[in-house]
Amino acid sequence: MAALVLSVSAAAQRTFVNIETANTQMVLGTDAKGQLLFLHYGAKIGRADQFEDWNSYRRTDYSTDPLAYPAQGGRFFNEPALAVKYHDTDQNTELVYGSQSVSEPKSGVKRYEVLLKDVKTKLEVKLIYMAYVKEDVIVANTEITNGGCKAITLDRYASSAINLRAGKYLLSHFYGSWAREMQIDREMLTHGVKAIENKQGVRTTHNENPSFMLSLDTESFSENDGEVIAGALAWSGNYRLAFQMDETNQVSVLCGINPDAAAYPLKKHETFTTPEMVWTYSLKGAGQATRNLHDWARNHCCYSQAEICPTLLNSWEGAYFDFDAKTLTDMMDDAKDMGLEMFVLDDGWFGNKYPRNNSKQGLGDWDINHEKLPEGISYLADYAHSKGLKFGIWIEPEMVSPKSELAEKHPEWVVSSKDRELTTTRSQWLLDLTNPKVQDFVFSIFDNTMQLAPGIDYIKWDCNRHVENFGSSYLDDQSKFYVDYIQGLYSVMRRIREKYPHVIVQSCSSGGGRVDFGALSLFDEVWTSDNTEGLSRVFIQYGTNMIYPACVTGSHVSAVPNHQSGNVTPMKFRFDIAAAGRLGMELQPKNMTEEEKTFARKAIESYKGYRDLVFGGDLYRLADPYDGQHYALMYVSKDRSRAVVFAYTIKYQSRTPIFDLRLAGLDADRRYKVTEQNVEKSCWWGSGKVFDGSFLMNHGLNPDMKKVYDSAIFLLEAE
Ligand code: GLA
């Protein structure tokens, strides 16, 4: 559809940009000076021109009204979205409205473009808002063009800014570390700036995640009630999400690439495009905000959308580096026997001069280790395929071990700063993906690996370190490093996707170090965490799935005592939590008892019967693990005819409390048969019986789950 261009010069009359989705509205409008103000984001308010005579009653001789894209300069002195240094050393920018256009790139999606111009220079800023109507999601980013000035430097270049007016702001955000990703912090915003950020260059989402939820006018987090704004930045590099509460108690939220050590030069006529910031607004609490994000992710962002993926056995925790072909084919036999659908060969299969028999060497030398696997990868892949299993393999293409032939041949490809310490993490260095030659090399690693055997179905792409003492021998301007690295990575991934559109690619980064919507638009799934221990997974998956849908979060059943935490949880509990995501196993099946294998067969079979709900259903969180004894959630099919409920006891609190498990999202007027899965004797008296949706939602289940690590899965099918 042709773009409708409405070019209105900034005059006394206000001009509005009215962005609408099914239930939300964002309104921008000019002021008398032609500046573009941020007027509203939230529930529907009707005609934008009701703001015609709007007055904020702020002292605007003292500061500006909230700007749609605040720049450093003029009367603005809060955190700027944009800060530009011009060649004549001027550092002020004053943006005014130029024009706007609306188009409909595909059905259900509207694209709004708003052109802003600096009053003095030829700097232009295009604000882009994509409104995903049905999902109630608005995705915003910015194109900054040096329209003809001599070279300029962008000191700050946020993707998007919004302004909120509420009495109170409860911020929920995610923190953690390796093996403890996506824990939740909830805090009230106070005056000043609170920032969620990362500066590690790559592997940027272990410690914090570029996403959040903001509950308005409340001090308590609610799943079902109240206004919630959720946001997530689609970028796998350094980010900064800043929340500034000013003296009027309004909060501006500014999200984008972290400006630290990243001043970006822009030559004449060059344009910088910022990553996308994903916004959603919910009037029905955090639960609806999550469902909006999940719908948007599945319909418009995630590479594989909600395609069902095969259940798998990964070799890592079962074999580590210690295997030969027989070890692996035995594992495949067991995988097949338990009903799994894919085998993934993890680390340890490559390197000859420096064989990869531990994590200290060999990265970069992606040739089959002939001593360990003289039969080759094709023998293994053929074996898997002959059994009806798919076959996957691990690579870590962004990395190089100091002890590797690659490091000997191409020391100039290593990220390093001249005359400064070249540090190792997990005995490895990072390759400089800003360099197009390195990009070609990284592409060739993927490409060559795919040629090792016909029909490789799955690649696990790992990234096990971050950036330290950054520097590139390729770049003239080192401050481009952090941005160009991620753009280099994305460009390699785009080439891979062109050549291999159907191979399943996992984004792993020491577990959940690269979990963001930028990565998810190019990878099919993420490795949620290296920690597969059941209790830890409750918190990791609760947090991760608050933003990212379960169809992308890999979750495996591993052995006990758990290799990370040492904790021992029952196999049923481990299966029941892994089954709430992309189910896999990661252990040596030889060490399982017959009884455990029988249970695994049953659990995997049962999972296949409801995994479409996990992948494509609406998520309702029923019990918050941070609140006490239980964690519970359910996925409901879009037509509300089927649902699956997961419930876990995570603490023992004596034998007296009764678990009150009220369901959600069902059709009150339909009748559902409830069947507990994978048990001889159900923990609920109602299993196998039929109940009204209203009964299940308003009265609920009271499963007898008093002991720590009791768990249950209930399948609901409408009659
Ligand atoms: C990282 C990953 C693990 C495994 C190892 C292999 O730690 O997160 O899943 O692949 O590397 O070295």
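These numbers come from the heavy atoms of this one structure, side chains and all, not from hydrogens, waters or symmetry mates. Counting starts at 1 for both ligands and their atoms, in listed order.
Residues Leu583 and Ser555 fail the side-chain proximity criterion, which asks for heavy atoms closer than 4.5 Å.
Here the options are Lys602, Met585, Gln677, Glu596, the test is side-chain contact (heavy atoms from CB on, under 4.5 Å), and the partner is Phe575; only Met585 passes.
Between Arg426 and ligand 1, a contact under 3.5 Å exists for at least one N or O pair.
At distances below 3.5 Å, not a single donor-acceptor pair connects side-chain atoms of Arg356 with backbone N or O atoms of Phe350.
No hydrogens or angles considered: nothing links the side chains of Glu468 and Gln200 as a donor-acceptor pair under 3.5 Å. Side chain to side chain, Tyr542 and Asp624 meet the donor-acceptor criterion of an N or O pair below 3.5 Å.
With a 4.0 Å cut-off on non-hydrogen atoms, Ser510 touches ligand 1 through its backbone and not its side chain. Neither the backbone nor the side chain of Asn314 comes within 4.0 Å of ligand 1, counting heavy atoms alone. The proximity of Lys460 to ligand 1, defined as any non-hydrogen pair under 4.0 Å, is limited to the side chain. The proximity of Glu586 to ligand 1, defined as any non-hydrogen pair under 4.0 Å, does not occur for either the backbone or the side chain.
Atom 2 (C) of ligand 1 has as its closest protein heavy atom Asp462 OD2, 3.0 Å.
Each of the atoms 8 (O) of ligand 1 lies under 4.0 Å from some heavy atom of Gly511.
Remark: among candidates Asn464, Asn531, Asp347, Thr532, the nearest residue to atom 12 (O) of ligand 1 is Asp347, based on non-hydrogen atoms. With distances taken over non-hydrogen atoms, the option nearest atom 8 (O) of ligand 1 out of Asp346, Asp530, Val344 is Asp530.
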